There are 2 protein chains.
Amino acid sequence: MTVVKEASTIQENKTQAFVNCPVTFVMEKIGGYWKPIILFNLLSGTKRYSELKKSIPAITEKVLIQHLKQLENDGLLIRRSKPVVPPYVTYELSKSGKEMRPVLYAMAIWATNNSGKLSKGFARQMKDFPAEK
Amino acid sequence: MTVVKEASTIQENKTQAFVNCPVTFVMEKIGGYWKPIILFNLLSGTKRYSELKKSIPAITEKVLIQHLKQLENDGLLIRRSKPVVPPYVTYELSKSGKEMRPVLYAMAIWATNNSGKLSKGFARQMKDFPAEK
DNA sequence: AGAAGTACTTACCCTAAAGTATGCATATCA
DNA sequence: TGATATGCATACTTTAGGGTAAGTACTTCT
């Protein structure tokens, strides 16, 4: 007789956690290393897929698309495609995506205050930080 | 001719990313599902190890300790132990740990505004949210 | 004598996330 | 003719992280 595992314990624990912890609820949406970077890059406005790729060179196509889909499913961004050849697809932040700005901003502040040597580079990034939509 | 892999590509990519992205720098410190919850629970003040365990029932001891160590190494919290039996160990946020408050707060705001059904529960949590140190 | 509490540690396994590599469809450009 | 660009999809492999279970050291409580 084989015991069937209905769901991973990790998932159950995570569910438990984010039901009463707003912070974990957010991590469910933007947790992982790449999602915040993607959102960060979209704060400055709508971008084509290829532009995103160029501005985040270290990410692989598979992971980028995967995350874009998840972010779209979670309602954080909007995908628009024109049925032309070659394809023309753009991504932009949705309403709730834009509401992430204060979170990302607070993170950026923390980073500049707590990164030692790196802080200068971050401060430079902060200059381009789109302050308001 | 054999190509030798010197280090994992994941790590290299992450390094690349957080050198120029403050947001990813932060995710390196508090990324993962449990760390924000731990910090959240310490916002209200110093806690013993066993108190943390009770307030986060879903986490296993191994993972809790593992994360506490990482957070300590990253300078986000301070561990103090009294050499008594039974052991008496407390954890509290360091200066940079306390500076995470605006990040967690912005997350909590986002969660209450973007969680539909769950928002009421989050709003309840927000009442206890330690606004200032 | 033995159970319980405290703050861990260690060993082993399993899964989810990430990386690598390749393919596809179509049109335009050289 | 075939190279290039675009936005993906798919199959396979590797790695990091998390889960389970058990043990430790010492004391106080029963």
Side-chain angles (χ1 to χ4, degrees), chain A residues 2-17 24 27-38 46-72 77 79-91, chain B residues 3-18 24 27-38 46-72 77 79-91:
Chain A
T2 319
V3 178
V4 179
K5 217 179 206 173
E6 312 209 332
S8 97
T9 319
I10 291 185
Q11 296 310 323
E12 284 177 34
N13 284 355
K14 291 202 299 194
T15 303
Q16 277 299 327
T24 307
M27 297 310 281
E28 285 284 325
K29 307 283 184 178
I30 64 163
Y33 292 101
W34 299 114
K35 281 178 186 171
I37 316 182
I38 295 170
T46 304
K47 284 208 173 73
R48 287 187 70 174
Y49 172 79
S50 52
E51 292 178 295
L52 272 175
K53 247 187 61 180
K54 273 169 214 157
S55 54
I56 316 174
I59 200 172
T60 65
E61 292 194 42
K62 179 196 155 195
V63 174
L64 177 54
I65 289 174
Q66 193 174 289
H67 284 34
L68 287 171
K69 278 187 182 173
Q70 289 174 16
L71 289 168
E72 193 195 358
L77 53 81
R79 193 193 97 112
R80 294 183 214 278
S81 68
K82 293 181 188 171
V84 294
V85 163
Y88 191 94
V89 181
T90 60
Y91 293 90
Chain B
V3 178
V4 179
K5 216 179 206 173
E6 312 209 334
S8 105
T9 319
I10 292 185
Q11 296 310 323
E12 285 177 33
N13 284 355
K14 289 202 299 196
T15 303
Q16 276 300 326
F18 90 69
T24 307
M27 296 310 280
E28 286 284 326
K29 307 283 182 178
I30 64 162
Y33 291 100
W34 299 113
K35 282 179 185 171
I37 316 182
I38 295 171
T46 304
K47 283 210 173 72
R48 287 187 70 175
Y49 172 79
S50 52
E51 291 179 296
L52 272 176
K53 246 187 62 181
K54 272 170 214 155
S55 53
I56 316 174
I59 200 171
T60 64
E61 292 193 45
K62 179 195 154 196
V63 174
L64 177 55
I65 289 175
Q66 193 174 288
H67 285 40
L68 287 172
K69 280 186 181 171
Q70 290 173 16
L71 288 168
E72 193 195 358
L77 53 80
R79 193 192 96 113
R80 295 183 213 279
S81 68
K82 292 182 188 172
V84 295
V85 163
Y88 191 94
V89 181
T90 59
Y91 293 90

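So you know, we letter chains A, B, ... as the sequences are listed, proteins then strands, and number each from 1. If you're wondering where the values come from, they're calculated on a predicted model, not measured in any experiment.
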### Side-chain (Gln70(B)) to main-chain (His67(B)) donor-acceptor, under 3.5 angstrom
no
### Message
Under 4.0 Å, heavy atoms only, any strand: does Lys62(A) hit a base, just the sugar-phosphate, or nothing?
### Response
base
### Query
Taking OP1 and OP2 of dG18(D), is either one under 4.0 Å from a side-chain nitrogen or oxygen of His67(B)?
yes
### Query
Over how many whole Å does the gap from Trp34(B) atom CH2 to dG19(D) atom C1' extend?
11 Å
### Query
In whole Å, what is the span from the CD1 atom of Ile56(A) to the C1' atom of dA18(C)?
15 Å
### Message
I need the CG-P distance between Leu64(A) and dA18(C), as an integer number of Å.
### Response
12 Å
### Audit row: Leu52(B), Leu68(B), side chain to side chain contact (heavy atoms under 4.5 Å, CB included) steps and yes/no
CA-CA 10 Å; Leu52(B) 272 176; Leu68(B) 287 172; 3.9 Å; yes
### Task
Take atom NZ of Lys53(A) as the centre, draw a 6.0 Å sphere, and report whether it contains more than 12 heavy atoms from other residues, nucleotides or ligands.
no
### Message
Taking Val63(B)'s backbone N and O only, do any of them form a donor-acceptor pair with Gln66(B)'s side chain (distance below 3.5 Å, no angle check)?
### Response
no
### Query
Along nucleotides 1-8 of chain C, 5' to 3', which nucleotides get a B, which get an S, and which get a -, given that the test is a protein heavy-atom distance under 4.0 Å?
----BBSB
### Summary
Sorted by chain and residue number, the side chain to side chain contact (heavy atoms under 4.5 Å, CB included) partners of Val89(B) (sequence neighbours excluded) come out as Arg79(B), Ser81(B), Tyr91(B)
## Note on the structure
Looking only at heavy atoms, the pair that brings Pro87(B) and Arg48(B) closest together is O-NH2, 3.2 Å
#### Entry: Gln66(A) CD to dA17(C) C1', straight-line distance once rounded to whole Å
7 Å
